[in-house]
Structures are given as C-alpha cells and as structure tokens.
There are 2 protein chains.
Amino acid sequence: MQENKKLAVLTEPTLAEAAVLIEKAFAQRRTLIVAGNCHVHYVGRARSTLEPGERLLIIKSDGSLLVHRPVGYEPVNWQPAGSIFHVQIKEDGLEVYGVRQKPRESVRVTFAGIYMVSSLNLSDSGDFLLHASEEEMHRAILLKPELLEEGFKPISWEKKVEPGFVDIYGEDKNGKFVIVEVKRKTASKEAALQLAKYVEPIKAKVNREVRAVLVAPSLGKDVQRMLVTLGLEYKALDPKVCAEVLKKSENSKLESFFNDKS
Amino acid sequence: MQENKKLAVLTEPTLAEAAVLIEKAFAQRRTLIVAGNCHVHYVGRARSTLEPGERLLIIKSDGSLLVHRPVGYEPVNWQPAGSIFHVQIKEDGLEVYGVRQKPRESVRVTFAGIYMVSSLNLSDSGDFLLHASEEEMHRAILLKPELLEEGFKPISWEKKVEPGFVDIYGEDKNGKFVIVEVKRKTASKEAALQLAKYVEPIKAKVNREVRAVLVAPSLGKDVQRMLVTLGLEYKALDPKVCAEVLKKSENSKLESFFNDKS
DNA sequence: ATATGCATGTCGCAC
DNA sequence: GTGCGACGTGCATAT
C-alpha cells in the first residue's frame with residue numbers, strides 16, 4: 001500500500017488486518033473510520049458502559065475520538081482532542097484504547113467484528129463563518145445604537161462589574177445610565193434575573209438612575225410579567241437583523257470602532 | 001450490488017456514481033459516510049458558511065447529519081435527527097441538501113470531489129449505562145441519607161417549590177427542615193445562589209427553621225466565603241462514591257424505594 | 001489553572 | 001408545545 005495515498009480502505013478485514021491499518025493511521029496522524037460491532041467502556045469524570053452493537057468509530061488527527069450509534073446527533077462515547085491511542089488484539093477482539101490527561105480519562109472500544117476500516121489523509125483550511133450569534137448582536141448594537149433606541153450612546157461592553165459581566169452599557173438621550181443584556185433567542189426567566197442582579201450594584205456605583213434593558217427576539221411565557229416586577233425593560237431584536245446590519249456596514253469602520261474598546 | 005448487504009463502499013467514485021449510492025442509502029435509511037472536498041452552507045437559527053476543504057459527511061438513518069473537519073471533537077456543521085435529505089448533481093458538484101422543520105433550517109453540502117462513499121446497514125440495540133451522574137448522587141443520598149449527615153430523613157426530591165426545583169428536601173435529626181442542592185462537579189457561585197434563592201420561600205411556607213446544604217465534590221474559589229455570607233452549609237461528596245454505593249445495593253430495594261416517590 | 005458565559009448547543013422530563 | 005436544568009457538556013476568553 002502506498003504510504004502517502006489519500007485513502008486506504010479495507011472491507012470485511014480480519015481483526016489482524018484491521019489492526020495494521022489502524023496502527024498505521026495513528027502513526028501517520030490520519031483520520032480513521034472504523035465500522036463494526038463493538039462494546040465500549042469509559043472511565044473518567046464519570047463512568048459508562050455500552051453493550052455490543054454496530055457503530056462507527058472515528059479518530060481524528062488531533063487525537064479526538066467519537067463513537068457514533070446508528071441514530072442520534074451526539075456521539076455515545078467520545079474523547080476530546082489530545083488523547084493518545086493504542087490498538088491491540090485481545091481475547092475478545094480488537095481493542096482501541098484512548099487516554100488523555102487533565103482530566104484523566106480513557107475510552108476502550110473493543111471490536112468483535114469489523115466491517116470496514118478507512119484511513120484518510122484529509123487537508124482542510126477552509127474558513128468557517130458563523131452569523132447571527134449573540135456577539136454579532138452586540139456588534140450591531142454598538143455600530144447602530146438606534147437598534148436599541150433613538151439616542152442611545154454605548155460606553156462599553158463585556159464589562160466586568162460584579163457579580164458578572166454586563167453585555168453592553170451606555171446612556172440614553174436623557175443621560176440616564178442604561179445596561180443591556182442581549183440574548184440571541186427567546187429570553188428566559190434566567191436572563192431577566194441575570195440582568196436584574198446587576199442593577200443594584202451598578203446603581204450604587206454610578207450613583208444615578210439606571211435603566212436595564214433586555215434585548216432578545218422574543219420573551220418566554222412568564223418573563224413579561226417578571227420584567228414588570230423587576231423594573232426591567234424589553235426591546236425586541238432579531239439576531240438575523242443584526243447580521244444584516246453588519247453585512248451592510250463595511251469592515252473598516254467596524255474594525256476602527258472595535259480597536260477603541262474602552 | 002446486493003441491496004441488503006451490510007456494507008457498500010465506493011472509492012474514488014465519479015460524482016454520478018456517488019450520487020447513486022447516496023440516493024440508495026437515503027431510500028434504505030442506511031448510515032452514510034462521505035469523505036471528500038466540500039463546502040457547506042447552513043441557514044436556520046443562525047447562518048454559516050464553510051469554505052472548501054476535505055471533510056467527512058455522516059448521515060444517519062434517523063435523519064441526523066454531521067460534517068466533521070479533520071480536527072475537533074465537534075462537528076463544524078450538523079442537523080439534528082428528523083431532517084429530510086436530497087442528493088443532486090449541480091454545476092459545482094454533488095449537492096447533499098438536508099432540511100428540517102421546527103425550527104426550519106437547512107444544510108447544503110456541496111462536494112467538488114469525493115474520495116469515498118460508504119453506505120452501512122448498522123443494527124445497534126446495546127444498552128448504554130452512565131454512572132456517577134448527578135441523578136445517581138440523588139439516588140445514593142436517598143438510599144443512604146447518612147451520606148449527607150447522620151440522622152437525615154429525606155422527604156421528597158425534584159420538587160417544584162417556586163422559583164424552581166429543589167433537588168432533595170427532608171429533615172435532620174433535630175427536626176429542622178433541610179433543603180439540598182446537589183452538584184456532580186465543583187460547585188460554582190451559581191450553584192450557591194441557586195440554593196440560596198429557595199431558602200426564603202420555603203421558610204415562609206413550612207414556617208420553621210430551614211437549613212440549606214450544598215452537596216458537591218468540591219467548592220470553587222470564592223464559593224466558601226459566599227456560603228458563609230448566605231448562611232448555607234457544605235457537604236463534600238464525590239459522584240463516584242455515590243455510584244459505588246448504588247452498585248453495592250441491590251436493585252430491588254432501590255426500585256421499591258423509588259416507586260414510593262411522593 | 002480558574003472562572004465566566006455562549007452554543008445553530010442537544011436532550012430529557014414535567015406541566 | 002414550552003419551560004427548565006443537566007451534560008463525561010465543549011469552547012473561547014479573561015484574570
């Protein structure tokens with residue numbers, strides 16, 4: 001087999017044949033896919049056992065591991081990047097063992113039978129861009145403060161104030177202090193409480209009137225009422241609208257603005 | 001190709017050849033793996049673009065989709081179970097399109113080149129058991145209340161009391177009311193606050209002295225001090241110790257106990 | 001190293 | 001369906 005080929009596949013291999021390819025994949029830091037009948041043991045922060053069944057094992061070049069059942073978005077077992085792997089033929093089958101430190105934890109995947117092994121040399125430097133995140137909402141409001149309200153002047157953002165971080169603060173057209181909590185989806189009770197807990201400490205600090213505004217695309221069931229109780233305000237704002245705002249504005253303006261973070 | 005074979009693999013197929021196998025995999029609800037050079041667009045709750053690069057695409061029989069880069073534990077793009085997929089040859093390559101309702105969102109993966117396609121018929125009914133979860137800590141304390149303290153008598157658990165759920169409550173050897181918040185890892189500021197917010201409402205309700213105990217394997221940096229301030233107590237307890245306790249006790253006892261949930 | 005909060009979080013459970 | 005909290009959450013960031 002050519003060492004540097006992009007792809008090596010074995011179908012219905014013996015366990016011994018599979019072990020050779022797997023070993024080689026580890027040594028060459030290739031992406032490994034194994035399909036077969038296996039059971040799994042995990043010991044670490046918690047402990048788990050997975051009885052025999054047919055699954056996919058994926059091990060990437062950065063030392064991350066995934067065991068996927070034939071259903072479900074999430075891996076049933078995994079190991080984050082930075083694990084070290086070994087493969088070995090044992091009495092009950094081919095064992096792939098992965099261990100990492102900090103925290104110390106290990107996964108042992110034992111295959112009784114293997115349907116396919118695939119070793120791939122993948123190269124990927126493509127950019128990934130995500131839009132309509134909460135951070136984009138922050139940026140959009142800072143860039144166009146009227147998204148919050150006419151006359152709003154941002155002063156700072158992501159500011160530590162005890163007992164946590166305020167998303168954005170500034171002052172309104174009447175010079176009142178305004179603190180803003182931003183959520184990219186329906187605001188929950190939690191969000192309202194999170195905002196409320198900043199009001200008193202900040203009022204004490206700046207020694208003037210403080211308005212608190214919850215910004216989110218919508219409000220949860222009981223949150224409307226809670227806002228009234230807590231003396232908070234609400235401004236509807238959709239993350240996608242924010243993404244559009246940023247898209248329209250040229251980057252240069254944004255960059256200069258952000259370099260001035262106070 | 002045998003229709004019902006467990007495994008079908010194409011290496012270095014043309015896009016047209018790949019499309020046939022992918023189409024068939026969708027129709028037969030098989031697990032699909034595609035390795036190749038692709039770009040990805042996602043639109044839904046947010047919006048993302050992934051520039052061309054070599055990745056794995058996995059689509060499972062339940063309609064979940066994963067796009068994995070050669071590094072990282074997490075998929076760069078995905079779709080939870082319940083999506084509908086189509087495959088089509090377009091001008092810029094082979095397009096796999098997946099869409100789901102509620103929320104309405106879609107992923108479009110376009111392959112310029114495919115190195116491997118694999119269609120698998122996986123069967124998996126193996127049990128998965130996780131130990132040392134927070135729920136096991138609950139169970140262990142209910143089964144052996146002395147894990148919390150000598151003379152503790154649990155009354156109920158997972159009880160709605162406004163403004164949320166109390167993990168466990170009961171009374172101590174002196175008849176004082178005890179509410180318990182359990183954490184499976186180092187308790188944070190949040191955990192302490194979460195516990196504290198129940199004390200007053202419950203005191204008002206039961207109209208007698210209320211103790212509040214935070215149970216966790218350890219405490220965060222400032223939490224110790226906060227506990228004093230808030231008048232809360234702390235009991236060190238490791239989730240793995242709880243798992244051991246449960247392991248030693250026979251299931252029958254546990255079952256009967258839990259059927260009596262009040 | 002620890003702490004804090006976002007995530008296309010996902011998932012399960014109760015109302 | 002909505003709400004709420006756990007998760008072996010992972011992850012980035014700031015201290």
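Just the heavy atoms: all of them, side chains too, but no hydrogens, waters or symmetry mates, feed the values below. Residue numbers start from 1 in every chain, and the chains themselves are labelled A, B, ... in the order their sequence lines are given, proteins ahead of strands.
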Problem set entry | Nearest-neighbour nucleotide for the Phe128(A) side chain, dC6(C), dG8(D), dT8(C) considered | dT8(C)
For this session: Check whether any side-chain nitrogen or oxygen of Arg45(A) sits under 4.0 Å from OP1 or OP2 of dG10(D), and answer yes or no.
Result: yes
Exercise. How close or far is atom P of dA14(D) from atom CH2 of Trp157(A), stated in whole angstroms?
Worked result: 12 Å
For this session: Quickly work out the Lys197(B) NZ to dG5(D) C1' distance and round it to whole Å.
Result: 10 Å
For this session: Check whether the ring centres of Phe85(A) and Tyr97(A) lie less than 6.0 Å apart, and answer yes or no.
Result: no
Problem set entry | Pairwise side-chain contact, Ile202(A) with Val210(A), heavy-atom cut-off 4.5 Å (strictly under) | yes
Exercise. Hey, are the side chains of Ile141(B) and Leu237(B) touching, using non-hydrogen atoms and a 4.5 Å cut-off?
Worked result: yes
Exercise. Looking only at atom C1', what distance separates dA6(D) and dG10(D), rounded to whole Å?
Worked result: 14 Å
Exercise. Does a sphere of radius 6.0 Å around CZ in Arg29(B) hold more than 12 heavy atoms from other residues, nucleotides or ligands, not counting ones at 6.0 Å or beyond?
Worked result: no
For this session: Give a yes or no on whether a salt bridge exists between Lys240(B) and Glu244(B), defined as a side-chain N under 4.0 angstrom from a carboxylate O.
Result: no
For this session: State which of dT4(C), dC7(D), dT8(C) makes the closest approach to the side chain of Arg184(B).
Result: dC7(D)
Exercise. How close or far is atom C1' of dC11(D) from atom CD of Glu135(A), stated in whole angstroms?
Worked result: 14 Å
For this session: Could you check how far CG of Asp167(A) sits from C1' of dC6(C), rounded to whole Å?
Result: 10 Å
Exercise. Going by ring centres under 5.5 Å and near-parallel planes (under 30°), is Phe165(B) stacked on dG5(D)?
Worked result: no
Problem set entry | C1' gap between dG5(C) and dC7(D), integer Å | 16 Å
Exercise. Across the strands shown, which category fits Ser133(A) at heavy-atom distances under 4.0 angstrom: base, sugar-phosphate, nothing?
Worked result: sugar-phosphate
Problem set entry | Nearest-Å distance once atom C1' is located in both dG5(D) and dA7(C) | 16 Å
Which side-chain N or O atoms in residues 72-79 of chain B pair as donor and acceptor under 3.5 Å with protein atoms at least two apart or in another chain?
from	atom 1	to	atom 2	distance (Å)
Asn77(B)	ND2	Ser48(B)	OG	3.1
Gln79(B)	NE2	Gly98(B)	O	3.3
Gln79(B)	NE2	Glu105(B)	O	3.4

For this session: For Lys185(A) and dG9(C), give me the distance from atom NZ to atom C1', rounded to whole Å.
Result: 7 Å
For this session: Using the C1' atom as the reference point in each nucleotide, state the distance between dT10(C) and dC6(C) in Å, no decimals.
Result: 14 Å
Exercise. Looking for any heavy atom pair under 4.0 Å, which part of the strands does Glu105(A) touch: base, sugar-phosphate only, or nothing?
Worked result: base
Problem set entry | Secondary-structure string, 5' to 3', Watson-Crick or G-U under 3.5 Å, | for another-strand partners, for DNA chain C | |||||||.|||||||
Problem set entry | All pairs passing side-chain hydrogen bond (donor to acceptor under 3.5 Å, both in side chains) where residues 53-71 of chain A contributes a residue, at least two apart | Glu54(A)-Tyr115(A), Glu54(A)-Lys6(B), Arg55(A)-Asp124(B), Lys60(A)-His68(B), Asp62(A)-Ser64(A), His68(A)-Lys60(B), Arg69(A)-Asp124(B)
Exercise. Going by heavy atoms closer than 4.0 Å, what residues in residues 47-84 of chain B are next to DNA chain D?
Worked result: Tyr73(B), Glu74(B)
For this session: Applying side chain to side chain contact (heavy atoms under 4.5 Å, CB included), run through Leu32(B) and Ile58(B) and close with a yes or a no.
Result: CA-CA 6 Å; Leu32(B) 174 71; Ile58(B) 297 166; over 6 Å; no
Problem set entry | Partners passing side chain to side chain donor-acceptor pair (under 3.5 Å) against His39(A) (at least two apart in sequence or in another chain) | none
Exercise. Among dC6(C), dA6(D), dA1(C), which nucleotide sits nearest the side chain of Lys102(A)?
Worked result: dA1(C)
Exercise. With a non-hydrogen cut-off below 4.0 angstrom, is Lys240(B) in contact with a base, only sugar-phosphate, or nothing?
Worked result: nothing
Problem set entry | Distance, rounded to the nearest Å, where Leu193(A) contributes CG and dG5(D) contributes C1' | 14 Å
Exercise. Would you say Arg47(A) and Leu129(B) make side-chain contact, with heavy atoms under 4.5 Å?
Worked result: no
Exercise. Looking at DNA chain D, which of residues 212-224 of chain A put a heavy atom within less than 4.0 Å of it?
Worked result: Gly220(A), Lys221(A)
